[in-house]
Chemist: 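Structure below; questions to follow.
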Amino acid sequence: MSTEPKIGLLVPLHAKPDQVAAVADFLNVGYSLMTGNQEPETLQWFAVKYEDQPVYAIFDTFAAESGRKAHVDGKVADALRANHATLLSQGPDIAGGHIDILASKVKPTGPESDVKKGLTKGLRVLLKAKPSKVSDVREFLKSALPLVEAETETPLWYAIEFPGTNVFGILDFFATSEGRDIHLGGAVAKALFSKVDELLDAPPDVVKTEVLGVTLQ
């Protein structure tokens, strides 16, 4: 079975104002449902909270569609469907969260026994390409991988595309806030921001995240 992530899901979870802590508890339960190889085709699973917002997200990756389907039909998704009316201000858009993974770096350094696998911080960056520049943005993200490989403080990095749209993104994870800051000041970020006017309809939508739980195959 391939272990290279090719497709994934990115599903934001908008907590009701009085349910912010309850959503975090729910994701802790979700982590327990993902441990012990209960979903062998789910390569990586992340639960995160957007900093300074009552928004969480689940991001997971798969080598093939069979893995994504098994996850959508699995225990975590079932629990989410059963509890979203209580916990969330809007239903989770699972179908809209389907993504293709264009390139990735997966080199975790934390202990397997750690719920967060040594990761504490992250970034969720969305990029809206100009309609005439979709291919250029796709190739830019693919070409960024060697630059990320050289960043020792960036152990996990994913370039993503929402198929059938002009929306792309970057998801990455770090051991420390300092590592995240180094990445934000690094070669990939500088190259991206230098091409905003040429490639994108709007500036990148950058959200800092806090890592709650991680499983890795």
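Below, all heavy atoms of this structure are taken into account, side chains as well, without hydrogens, waters or symmetry copies.
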Chemist: May I have the list of side-chain donor-acceptor pairs in residues 196-210 shorter than 3.5 Å, sequence neighbours left out?
Modeler:
{"unit_1": "D205", "atom_1": "OD2", "unit_2": "R124", "atom_2": "NH1", "d": "3.2"}
{"unit_1": "T209", "atom_1": "OG1", "unit_2": "G122", "atom_2": "N", "d": "3.4"}
{"unit_1": "T209", "atom_1": "OG1", "unit_2": "G122", "atom_2": "O", "d": "3.4"}

Chemist: Could you give the distance from CG (L10) to CG (L171), rounded to the nearest 0.5 Å?
Modeler: 5.5 Å

Chemist: Could you tell me whether the side chain of T120 and the main chain of A175 form a donor-acceptor pair under 3.5 Å?
Modeler: yes

Chemist: May I ask you to check whether F168 and F140 place their ring centers less than 6.0 Å from one another?
Modeler: no

Chemist: Mind checking what makes side chain to side chain contact (heavy atoms under 4.5 Å, CB included) contact with A15, not counting sequence neighbours?
Modeler: V20, V23, Y56

Chemist: Should L192 and L127 count as side-chain neighbours, where that means a heavy-atom distance under 4.5 Å?
Modeler: yes

Chemist: Mark yes or no for whether T42, through its side chain, and Q44, through its backbone, hold a donor-acceptor pair below 3.5 Å.
Modeler: no

Chemist: List the steps, then state whether side-chain contact (heavy atoms from CB on, under 4.5 Å) holds for L156 with D172.
Modeler: CA-CA 5 Å; L156 287 93; D172 34 19; over 6 Å; no

Chemist: How about I58 and L13: do any of their side-chain heavy atoms sit closer than 4.5 Å?
Modeler: yes

Chemist: Between V211 and W157, is there a shared hydrophobic cluster once you connect ILVMFWY residues whose side-chain heavy atoms come closer than 4.5 Å?
Modeler: no

Chemist: Compare all side-chain heavy atoms of N166 with those of V137 and state whether any distance is below 4.5 angstrom.
Modeler: no

Chemist: side-chain contact (heavy atoms from CB on, under 4.5 Å) with H84: which of T86, L88, L87?
Modeler: L88

Chemist: Checking the side chain of Q38 only, and the main-chain atoms of L33 only, is there a donor and an acceptor separated by less than 3.5 Å?
Modeler: yes

Chemist: Check whether any side-chain heavy atom of S104 lies under 4.5 Å from a side-chain heavy atom of P5, and answer yes or no.
Modeler: yes

Chemist: Is there a donor-acceptor contact under 3.5 Å from the side chain of K190 to the main chain of A187?
Modeler: no

Chemist: Looking at E151 and K105, does any basic side-chain N land under 4.0 Å from a carboxylate oxygen?
Modeler: no

Chemist: When you measure from the side chain of S89 to the backbone N and O of H14, does any donor-acceptor pair fall under 3.5 Å?
Modeler: yes

Chemist: Let's go through E161 and K128 carefully: what are the C-alpha distance in whole Å and the side-chain angles of both, what is the deciding distance for salt bridge (charged side-chain N to carboxylate O under 4.0 Å, His left out) to 0.1 Å, and is it a yes or a no?
Modeler: CA-CA 10 Å; E161 178 178 2; K128 188 174 182 180; over 6 Å; no

Chemist: Quick one: does any side-chain atom of N83 pair with a main-chain N or O of A79 as donor and acceptor, under 3.5 Å?
Modeler: yes

Chemist: Check this for me, if you would: do D78 and R81 make a salt bridge, where the nitrogen-to-carboxylate-oxygen distance has to be below 4.0 angstrom?
Modeler: yes

Chemist: Mind checking salt bridge (Lys or Arg N to Asp or Glu O under 4.0 Å) for K69 and listing every partner two or more places apart, or none if nothing turns up?
Modeler: D73

Chemist: I would like to know whether F162 and H98 meet ring pair (Phe, Tyr, Trp, His ring centres under 6.0 Å); could you show each step before the answer?
Modeler: CA-CA 7 Å; F162 291 84; H98 283 55; 10.0 Å; no

Chemist: Under the side chain to side chain contact (heavy atoms under 4.5 Å, CB included) rule, collect the residues that match up with P146, sequence neighbours excluded.
Modeler: none

Chemist: With the side chain counted from C-beta on, respond yes when V106 and T3 share a heavy-atom pair under 4.5 Å apart, and no when they do not.
Modeler: no

Chemist: According to a hydrophobic-cluster definition based on side-chain heavy atoms being under 4.5 Å apart (Ile, Leu, Val, Met, Phe, Trp, Tyr only), do L119 and Y158 belong together?
Modeler: yes

Chemist: Given 3.5 Å as the limit, does a donor-acceptor pair link the side chain of T154 with the main chain of V148, or not?
Modeler: no

Chemist: With hydrophobic residues grouped by side-chain heavy-atom distances under 4.5 Å, do L80 and V214 end up in a single group?
Modeler: no

Chemist: Run the side-chain contact (heavy atoms from CB on, under 4.5 Å) test on L141 and I170 for me, step by step, so that the C-alpha distance in whole Å, both residues' side-chain angles and the decisive distance to 0.1 Å come before the verdict.
Modeler: CA-CA 8 Å; L141 290 172; I170 295 171; 3.8 Å; yes

Chemist: Should the heavy atoms of other residues, nucleotides or ligands under 6.0 Å from CG of D52 be counted, would the total exceed 12?
Modeler: no

Chemist: What residues, two or more places apart in sequence or in another chain, satisfy side chain to side chain contact (heavy atoms under 4.5 Å, CB included) together with E153?
Modeler: I182

Chemist: Could you work out, with salt bridge (Lys or Arg N to Asp or Glu O under 4.0 Å) as the rule, every residue matching E112, not counting sequence neighbours?
Modeler: none

Chemist: Under 6.0 Å from the NZ atom of K130, do we count more than 12 heavy atoms belonging to anything else shown?
Modeler: yes

Chemist: Is L212 close to F46 at the side-chain level, that is, under 4.5 Å between some pair of heavy atoms?
Modeler: no

Chemist: Taking the inter-plane angle between the rings of W45 and Y31 on a 0 to 90° scale, is it parallel (under 30°), tilted (30 to 60°) or perpendicular (over 60°)?
Modeler: tilted

Chemist: Can M34 and E39 be said to form a side-chain contact (heavy atoms from CB on, under 4.5 Å), step by step?
Modeler: CA-CA 7 Å; M34 292 300 303; E39 291 189 11; 3.6 Å; yes

Chemist: Does K107 use its side chain to pair, donor to acceptor, with the backbone of E149 at less than 3.5 Å?
Modeler: no

Chemist: Taking the side chain from H183 and the backbone from G179, do they hold a donor-acceptor pair closer than 3.5 Å?
Modeler: no

Chemist: Below 4.5 Å, heavy atoms only, C-beta onward: do I7 and I101 meet side chain to side chain?
Modeler: no

Chemist: Should V167 and Y50 be regarded as members of a common hydrophobic cluster, given that ILVMFWY residues are connected when their side-chain heavy atoms come within less than 4.5 Å of each other, either directly or indirectly?
Modeler: yes

Chemist: Are L102 and V125 connected into the same hydrophobic cluster when the rule is that any two of I, L, V, M, F, W, Y join if their side-chain heavy atoms are below 4.5 Å apart?
Modeler: yes

Chemist: Do E41 and Q217 come within less than 4.5 Å of each other through their side chains, counting heavy atoms only?
Modeler: no

Chemist: Start with the C-alpha gap between V48 and F173, add the side-chain angles, then the distance that decides, and say whether side-chain contact (heavy atoms from CB on, under 4.5 Å) holds.
Modeler: CA-CA 10 Å; V48 302; F173 303 93; 3.9 Å; yes

Chemist: After noting the C-alpha distance and the side-chain angles of E4 and K6, does the key distance pass the salt bridge (charged side-chain N to carboxylate O under 4.0 Å, His left out) rule?
Modeler: CA-CA 6 Å; E4 182 180 358; K6 293 292 188 181; 3.4 Å; yes

Chemist: State whether the side chain of R68 and the backbone N or O of L9 hold a donor-acceptor pair below 3.5 Å, judged by distance alone.
Modeler: no

